[in-house]
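Positions are given from 1 along the sequence.
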Amino acid sequence: MPHTSGSPPAGATDGRTVRSLDPSPPDPSLFQRFIPEIAHRTSGEILTHPDFAAMRPRYVAGTMACYEIASFPGGWQSAAYRVAIISAIICLHAAWDPTDRATWPTLARLKEAGATFGLSSPRQIDDLIARLVETNYVVLERPDADGRLRLLVPTDKLLAWDRVLLSSYYGVLQNLYPDPGYAPAVARDPTFHLAQRRVSVGMFHVIGRFIARNGDIVPFLQMYQGFQVLMRVILMREADAEATIRDGDFSDIMARFGVSRSHVRNILATAEAGGLLTHDGRGRKHLAPTPRGLAAVDRFIADTLASHDMTYRMALASLGAEPARSLGTSATAA
């Protein structure tokens with residue numbers, strides 16, 4: 001995997017605890033659009049916003065609430081691949097044209113999307129679909145034109161969860177850019193939600209690219225709550241540069257997301273081995289992000305927000321250019 005752009009290479013950290021969380025200037029490439037012809041706020045623009053650091057706690061609070069076991073679809077632990085596949089199910093269904101077989105939301109098309117993201121295996125996708133069907137978040141419909149196939153249809157309760165999730169990201173963007181803001185997304189408007197998810201189908205390759213370029217973060221996306229644990233260290237260190245960080249400081253993450261103390265320790269050890277965290281003294285009690293770790297986390301946040309800004313603008317353009325229409329149906333939750 002590539003190293004995070006603008007970060008020192010592996011082994012270049014000096015081992016000292018970071019006392020200032022002022023990041024280095026972003027790489028110039030981060031000011032380039034994901035797709036040149038689509039105007040949107042770039043990752044570099046978001047990273048250099050004067051309120052970016054103050055936004056981190058809101059980002060964590062807003063997004064983490066959607067990933068707790070109590071609210072995550074299927075009642076499972078959340079993981080990046082599960083979030084990506086659930087989003088792909090909704091996007092594929094939103095873009096479904098019953099008259100165009102190539103757009104049908106089949107399991108085969110979903111697995112193609114999963115390969116684009118590079119976070120899951122076909123077996124993991126099969127297991128996730130089975131769980132979502134069992135818990136009434138997805139239903140399998142047999143198309144009249146081909147009874148051999150099953151179409152993946154999100155239920156109303158999955159669509160409702162997804163609107164809350166999108167609202168959390170757009171709420172952060174609105175906090176940074178209140179004028180003109182992101183009103184329909186923050187308000188969870190169903191028409192906007194359908195449009196945003198419909199245009200997002202064409203952006204799967206963009207998301208796959210930006211995940212791959214965040215090479216320092218990818219291992220933590222593949223660990224349950226790995227990214228949230230990294231963020232917790234950054235926020236605690238930012239609040240108190242001399243704070244002693246103990247295992248107990250992650251107890252709420254363990255309870256809300258169903259992970260063990262040993263799992264959290266594995267995340268922290270992986271982050272230290274990768275040069276993203278460091279500690280002073282015996283044990284792991286004085287953890288702090290390295291400059292590389294802070295840059296990696298901030299870049300992933302900025303990329304995520306930039307991609308949402310892009311699809312927001314695309315959705316608005318779509319709504320302005322197209323008459324209101326329904327593409328397929330969603331199943332009512334049982």
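- Across Leu316, Leu173, Val172, a single residue satisfies side-chain contact (heavy atoms from CB on, under 4.5 Å) together with Tyr182, and that is Leu173.
- The side-chain contact (heavy atoms from CB on, under 4.5 Å) test with Leu107 singles out one residue from Leu140, Ile89, Ile125, Leu149, and that residue is Ile125.
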| field | Verdict with reasoning, Asp51 to Arg58, per salt bridge (Lys or Arg N to Asp or Glu O under 4.0 Å) | value | CA-CA 11 Å; Asp51 294 331; Arg58 175 172 181 152; over 6 Å; no

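- Under a cut-off of 6.0 angstrom, the local environment of CG in Asp100 is crowded, with over 12 non-hydrogen atoms contributed by other residues, nucleotides or ligands.
- Remark: the backbone N or O of Arg188 is not paired with any side-chain donor or acceptor of Ser167 at under 3.5 angstrom.
- Side-chain contact between Phe227 and Ile301 is present, with at least one heavy-atom pair separated by less than 4.5 Å.
- Less than 6.0 angstrom separates the ring centroid of Tyr312 from the ring centroid of Phe192.
- Using a 4.5 Å heavy-atom threshold, the side chains of Arg256 and Met64 count as touching.
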What donor-acceptor contacts under 3.5 angstrom involve side-chain atoms of residues 115-124, with partners at least two apart or in another chain?
{"unit_1": "Thr116", "atom_1": "OG1", "unit_2": "Glu112", "atom_2": "O", "d": "3.2"}
{"unit_1": "Ser121", "atom_1": "OG", "unit_2": "Gln124", "atom_2": "N", "d": "3.2"}
{"unit_1": "Arg123", "atom_1": "NE", "unit_2": "Asp127", "atom_2": "OD1", "d": "3.4"}
{"unit_1": "Gln124", "atom_1": "OE1", "unit_2": "Ser121", "atom_2": "N", "d": "2.9"}

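- Of the inter-residue distances, the one linking Met203 atom CE with Phe34 atom CZ reads 11.0 Å to the nearest 0.5 angstrom.
- Atoms CZ and OG, on Phe210 and Ser43 in that order, are 8.0 Å from each other to the nearest 0.5 Å.
- Looking at Phe257 and Gln77, their side chains never come closer than 4.5 Å, going by heavy atoms from C-beta outward.
- In this structure, the separation between CD1 on Ile38 and CZ on Arg33 is 9.0 Å, given to the nearest 0.5 Å.
- The OH atom of Tyr59 lies 6.0 Å from the CG atom of Leu305; values are rounded to the nearest 0.5 Å.
- A search for salt bridge (charged side-chain N to carboxylate O under 4.0 Å, His left out) contacts involving Arg197 returns Asp162, not counting sequence neighbours.
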| Candidate pair Ile90 and Ser87, rule side chain to side chain contact (heavy atoms under 4.5 Å, CB included), full reasoning | CA-CA 5 Å; Ile90 296 168; Ser87 296; 5.9 Å; no

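- Within the model, atoms NE2 of His93 and CG of Leu151 stand 8.0 Å from one another, a figure rounded to the nearest 0.5 Å.
- In the hydrophobic cluster analysis, where Ile, Leu, Val, Met, Phe, Trp and Tyr join through side-chain heavy atoms closer than 4.5 angstrom, Ile207 is grouped together with Ile35.
- Arg209 contributes atom CZ, which lies 5.0 Å from atom NE2 of His205 (distance to the nearest 0.5 angstrom).
- Side chains of His308 and Thr304 form a contact here, defined as non-hydrogen atoms less than 4.5 Å apart.
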